[in-house]
Number of protein chains: 2
Amino acid sequence: MKKEINITEVARKAGVSTATVSRVFNNSGPVKESTRKKIEKIIEETGYRPNILARELADKKTHLIGLIVHDMRGEGIPRSITGVSTVLEENGYNLLIACSNGNINSEIKHFEIFRSKRVEGILFATKEFKKEHRELIKSLPIPVVVMLQDTEKEQISYVTFDNYNFGKESAQKLIDLGHKQFAVVGGPMHSVNSEQRKKGVLDAVSENGIAISPLLIRHGDYSIEEGYIQTNKMLAAGTSFTALIAINDGMAIGAVNCLQDHGIRVPEEVSVLGLDDTVLAKASRLELSGVYYSYSELGKESARLLLKQIQADEFQFDKYIVPYTINLRESVAKRRHV
Amino acid sequence: MKKEINITEVARKAGVSTATVSRVFNNSGPVKESTRKKIEKIIEETGYRPNILARELADKKTHLIGLIVHDMRGEGIPRSITGVSTVLEENGYNLLIACSNGNINSEIKHFEIFRSKRVEGILFATKEFKKEHRELIKSLPIPVVVMLQDTEKEQISYVTFDNYNFGKESAQKLIDLGHKQFAVVGGPMHSVNSEQRKKGVLDAVSENGIAISPLLIRHGDYSIEEGYIQTNKMLAAGTSFTALIAINDGMAIGAVNCLQDHGIRVPEEVSVLGLDDTVLAKASRLELSGVYYSYSELGKESARLLLKQIQADEFQFDKYIVPYTINLRESVAKRRHV
DNA sequence: CTGAAAGCGCTAACAA
DNA sequence: TTGTTAGCGCTTTCAG
């Protein structure tokens with residue numbers, strides 16, 4: 001195993017001082033052309049690479065950002081990470097990643113490790129934002145930006161999607177198409193994002209003076225299977241509906257499958273819309289309607305917000321809401337037989 | 001912005017030397033109970049966290065692993081990363097990630113950066129393994145493990161799937177079901193993984209004395225759309241087939257869609273198999289057959305291999321082939337009308 | 001049981 | 001144009 005060579009070694013071989021080598025490497029001062037050449041030759045020959053740690057220790061800048069995520073399955077987070085990575089690279093920062101698997105102890109541990117590693121800021125995505133998180137983050141001497149959660153009331157900087165509003169606007173679109181009987185398949189009730197979307201939907205509905213049966217509000221775990229199961233239960237309930245909104249596209253697919261298995265035509269009899277628009281939407285035969293929001297953009301903005309705070313050397317509360325687009329496709333139609 | 005406090009500061013406040021504080025923090029030497037208590041109190045009060053950089057500089061161990069990937073869309077790589085992350089965490093290592101977007105200059109740059117950051121080893125996933133990669137890696141003073149590529153002939157350690165064999169075995173299964181007329185939708189021809197799978201399929205076919213028309217060997221970019229388009233072209237060619245193998249499940253879905261649009265029943269008239277088994281396979285109405293291999297396992301094994309080399313302090317060539325399972329489901333049937 | 005001091009590799013201020 | 005030196009924060013002998 002070859003060893004890395006250090007600056008002293010290079011200096012010795014070149015018969016100069018370390019300061020001169022440093023000047024050559026960083027172009028940080030005048031060096032006579034001949035000595036520069038000589039040193040460059042040695043660097044070339046030895047394959048010398050400065051030990052950045054030493055430099056970082058000296059000027060107390062690591063150019064390191066820590067990212068803690070709870071899960072990397074699903075297409076959202078990886079795309080966000082790509083966005084983060086892009087912006088960091090443009091700014092000469094590196095990315096330290098930890099995956100907590102939703103375990104709060106693991107999250108806390110990684111905040112600690114990252115702090116010890118002297119990252120200059122932390123990006124944090126968790127399933128559920130708890131009091132412990134708030135306290136931990138408030139006690140940190142470096143800025144933190146929360147991703148995919150609304151931490152407005154904790155006054156911690158965040159970047160997220162406009163869950164409430166696109167939920168509301170989506171429902172309004174269906175209402176505008178004449179729909180009056182709704183069914184909703186929400187996500188897990190402890191998920192803030194899912195609940196916000198659901199609230200948007202329900203608010204739109206009630207603001208239009210439409211009632212919705214509690215039997216037609218169900219919850220699933222985002223999977224295709226659950227979409228199927230919950231839709232099945234709603235059909236069994238016997239209360240009819242002409243529009244179904246699922247909190248994500250996986251469950252929307254399950255819903256379509258279930259409806260079709262019951263001989264119910266989509267969209268002629270029931271329109272289906274997912275509040276989400278991932279690769280899954282494209283896999284289904286029927287072109288599924290959905291709401292698109294860019295995870296990559298979310299990652300980029302999160303990184304930008306964080307770098308801004310690092311550069312400003314202060315943590316002002318800040319936030320960014322990523323825009324969305326509602327894509328109505330095959331699975332949605334005007335209500336018939338009005 | 002609060003500042004991080006250092007060991008000297010703690011020592012001063014406690015009225016002891018830095019050596020003693022260090023001993024307390026690391027439990028690395030005898031300390032009188034009363035002084036220990038005193039120091040622990042100060043640590044608690046000040047929230048002191050040692051600067052790991054300094055420690056790392058001192059003992060030349062960063063406990064850092066670098067990971068360079070070309071792309072994080074798709075479900076494979078993120079799952080691999082999770083696997084890597086799990087193993088590294090168990091072993092007290094941290095993960096530095098860079099996304100190259102398949103750009104070779106970016107890849108090289110990150111090898112450089114990681115080396116300067118004194119990572120102890122590098123995991124590398126790229127689309128196409130080039131001569132430049134080989135040379136760069138051979139010149140590095142730290143071990144590298146290549147993921148998702150067979151770098152046997154370059155004698156660089158790697159972890160990958162058994163592409164050739166599962167391609168071959170899958171085709172054999174269909175042959176055993178009586179199929180004699182095959183169609184194949186391969187991936188991009190420059191993709192080694194895809195070509196290996198294809199070769200496996202073709203070898204199985206020819207070893208069984210079956211001929212396959214060149215018109216029924218096509219290539220697509222892995223997307224559902226391309227699966228559709230290429231299948232369409234094969235149907236247009238007029239040569240009939242009873243079994244279609246797509247190099248991944250996305251294209252298999254496209255193929256199924258296309259066949260059904262032509263009124264061809266799956267699997268009654270044509271069996272369809274994807275050499276891949278992701279979330280997409282589950283999204284299709286028809287239960288798609290596929291080959292499953294664990295990306296998470298791939299990540300874990302890659303990390304283990306790398307750590308082993310780091311600990312052994314030598315780069316012996318090593319490799320690991322992740323096992324697979326062939327899952328025949330609804331989309332595959334015995335050949336009828338034999 | 002505790003402290004003084006050297007050293008990890010590099011940068012930057014100050015001299016020469 | 002170049003070298004000397006101090007110092008970044010920590011660990012680790014070596015003395016006491």
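- Residue B:Ser28 is out of contact with every strand shown, counting any heavy-atom pair closer than 4.0 Å.
- One atom, NZ of A:Lys32, and another, P of C:dA16, lie 21 Å apart when rounded to the nearest Å.
- Contact annotation: B:Lys60 reaches the phosphate of C:dG9 (side-chain N/O to OP1 or OP2, under 4.0 Å).
- With rounding to whole Å, B:Lys61 atom NZ is found 20 Å from D:dG9 atom C1'.
- The residue from A:Asp71, A:Leu148, A:Leu298 that alone fulfils the side-chain contact (heavy atoms from CB on, under 4.5 Å) condition with A:Ile77 is A:Leu148.
- The phosphate of C:dC10 (OP1 or OP2) has no side-chain N or O of A:Thr18 nearer than 4.0 angstrom.
- Residue contacts shown for B:Phe25 are absent, as no nucleic acid heavy atom lies under 4.0 Å away.
- For A:Ala19, counting side-chain heavy atoms from C-beta on, the closest listed nucleotide (C:dG3, C:dC10, D:dT4) is D:dT4.
- With rounding to whole Å, A:Asn26 atom CG is found 5 Å from C:dT11 atom P.
- Aromatic ring centroids of B:Tyr158 and B:Tyr320 lie 6.0 Å or more apart.
- The residue A:Thr20 sits close only to the backbone: its heavy atoms come under 4.0 Å of sugar-phosphate atoms, none of a base.
- Across the protein-nucleic acid pair, A:Arg23 atom CZ and C:dA12 atom P stand 11 Å apart, rounded to whole Å.
- When the P atom of D:dA6 is taken as reference, atom CG of A:Asp59 falls 20 Å away, rounded to whole Å.
- Between A:Ala54 and B:Val31, the residue anchored closer to the 5' end of DNA chain C is B:Val31, taking for each the nucleotide with the nearest heavy atom.
- OP1 and OP2 of C:dC10 both lie 4.0 Å or more from every side-chain N or O belonging to A:Ser22.
- As a whole-Å value, the separation of B:Asn51 CG from D:dT11 P is 10 Å.
- Residue contacts for A:Val16: at a heavy-atom cut-off of 4.0 Å it reaches the sugar-phosphate backbone alone, with no base atom in range.
- Under 4.0 angstrom from either OP1 or OP2 of C:dG9 there lies at least one side-chain N or O belonging to A:Asn6.
- Between the C1' atom of C:dC10 and the CG atom of B:Leu53 lies a distance of 12 Å, rounded to the nearest Å.
- Between the side chains of B:Gln149 and B:Thr160, no donor-acceptor pair of N or O atoms lies under 3.5 Å.
- Here B:Pro30 lies in heavy-atom contact (under 4.0 Å) with a base.
- Rounded to an integer number of Å, the gap from B:Leu57 CG to C:dT11 C1' is 13 Å.
- Side-chain atoms of A:Arg55 and A:Asn26 include a donor-acceptor pair closer than 3.5 Å.
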Point to revise | Worked check of side chain to side chain contact (heavy atoms under 4.5 Å, CB included) between A:Ile68 and A:Phe111 | key: CA-CA 8 Å; A:Ile68 302 172; A:Phe111 269 104; 3.8 Å; yes

